[in-house]
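Some notes on the structure that comes next.
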Amino acid sequence: MSNVGFRIYTKIERPDRKLVEAFKGLPTPNIADNMSRFFCVDAAIKPMNKHHLLGTAFTVRSSTADNLLFHKALDMAQPGDIIVVDVQGDTINSVVGEIMMRYAMKRGIAGFLVDGAIRDFGGLQELDFPVYARAVTPMGPYKDGPGEINVPVSCGGVVVNPGDIIVGDDDGVVVISPKDAPEILEKARATFAKESAIFKAIEEGTWDRSWVDKTLKEKGCEFID
Ligand SMILES: O=C([O-])CC(=O)C(=O)O
Ligand SMILES: [Mg+2]
């Protein structure tokens, strides 16, 4: 017998901390461009304060309007984990607020990524703790379940597995599978360096723009006077 929809998996595999930390400061677009432009969560999920997100996913699937399992996750997640909460995008009730944020901070949890709503937005602005979510509402949650912990969840249209690397900044959130992470890291660093060189070339007036007309010609674009 298994209580489908009301289960907690206690063990997850986390990638090496050094690999996770290596993504620090790399812009999410530079990462996403090296994952064929997939694995970006829905643009409606936004940073709720100025802090960037970096850590490993500790996942929660929750019934809408309920945070019993999210509360349980607060006590189970390890320092460096990001609690990723799937409430199916529901924004009628918030599932987290300042009390939970402060407790998570105290436990060394690295942030929250919520496919749903939060509350206590003003209090969050004072906290050094990243929270990304879809909406803000004062309407609070119930605490009855059901829900599941450490199962694959859906967050802003992206499947997030426990242990995935989560990177969030002003542009949004990308989800990286640990097995692909070393290669993506290397490529994202190269993209960052290439874009820095473009910025420099723009300043110096030497940026080669010939590719635009070349591409238009290849595609058969017609110019009409
Ligand atoms: O009531 C709740 O569980 C959510 C909340 O507002 C808080 O954590 O401050
Ligand atoms: Mg509150």
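Atoms within each ligand, like the ligands themselves, are counted from 1 in listed order.
I82 and V85 are members of different hydrophobic clusters when ILVMFWY side chains are connected at heavy-atom separations under 4.5 Å.
Only the backbone of E98 comes within 4.0 Å of ligand 1, judged by heavy-atom distances. At a heavy-atom cutoff of 4.0 Å, ligand 1 is contacted by the side chain of D120 but not by its backbone.
Near N67, the atoms of ligand 1 lying under 4.0 angstrom from a non-hydrogen atom of the residue are 2 (C), 3 (O). Residue I99 has at least one heavy-atom neighbour below 4.0 Å for each of these atoms of ligand 1: 7 (C), 8 (O), 9 (O). Within ligand 1, the atoms closer than 4.0 Å to a non-hydrogen atom of H71 are 3 (O), numbered from 1 in the order shown. Close contacts between ligand 1 and K143 involve ligand atoms 1 (O), 2 (C), 3 (O) [criterion: under 4.0 Å to a heavy atom].
No other N/O/S atom of D120 lies as close to the Mg ion (ligand 2) as OD2 does.
To the nearest 0.5 angstrom, D180 atom CG is 12.0 Å from L185 atom CG. Put simply, CG on L113 and CE on M48 are 11.0 Å apart, with the number rounded to the nearest 0.5 Å.
With 2.8 Å as the limit, E98 does not count as an N, O or S neighbour of the Mg ion (ligand 2).
The neighbour count for F6 CZ, taken as heavy atoms of other residues, nucleotides or ligands under 6.0 Å away, is above 12. Heavy atoms of other residues, nucleotides or ligands lying less than 6.0 angstrom from CZ of F23 number more than 12.
Grouping Ile, Leu, Val, Met, Phe, Trp and Tyr residues whose side-chain heavy atoms lie under 4.5 Å apart, directly or via other members, places M139 in a hydrophobic cluster with I92.
Atom 1 (O) of ligand 1 has its closest protein heavy atom at R119 NH2, 2.9 Å. Here the heavy atom of the protein found nearest to atom 4 (C) of ligand 1 is G97 N, 3.6 Å.
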Before you tell me yes or no, could you show the steps for R61 and L69 under side-chain contact (heavy atoms from CB on, under 4.5 Å), namely the whole-Å CA-CA distance, both residues' side-chain angles and the distance that decides it to 0.1 Å?
CA-CA 8 Å; R61 170 185 297 129; L69 277 291; over 6 Å; no

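Residue contacts with ligand 1: V96 is placed with no nitrogen or oxygen under 3.5 Å of a nitrogen or oxygen of the ligand (distance criterion only).
The side-chain contact (heavy atoms from CB on, under 4.5 Å) test applied to S36 returns F38, not counting sequence neighbours.
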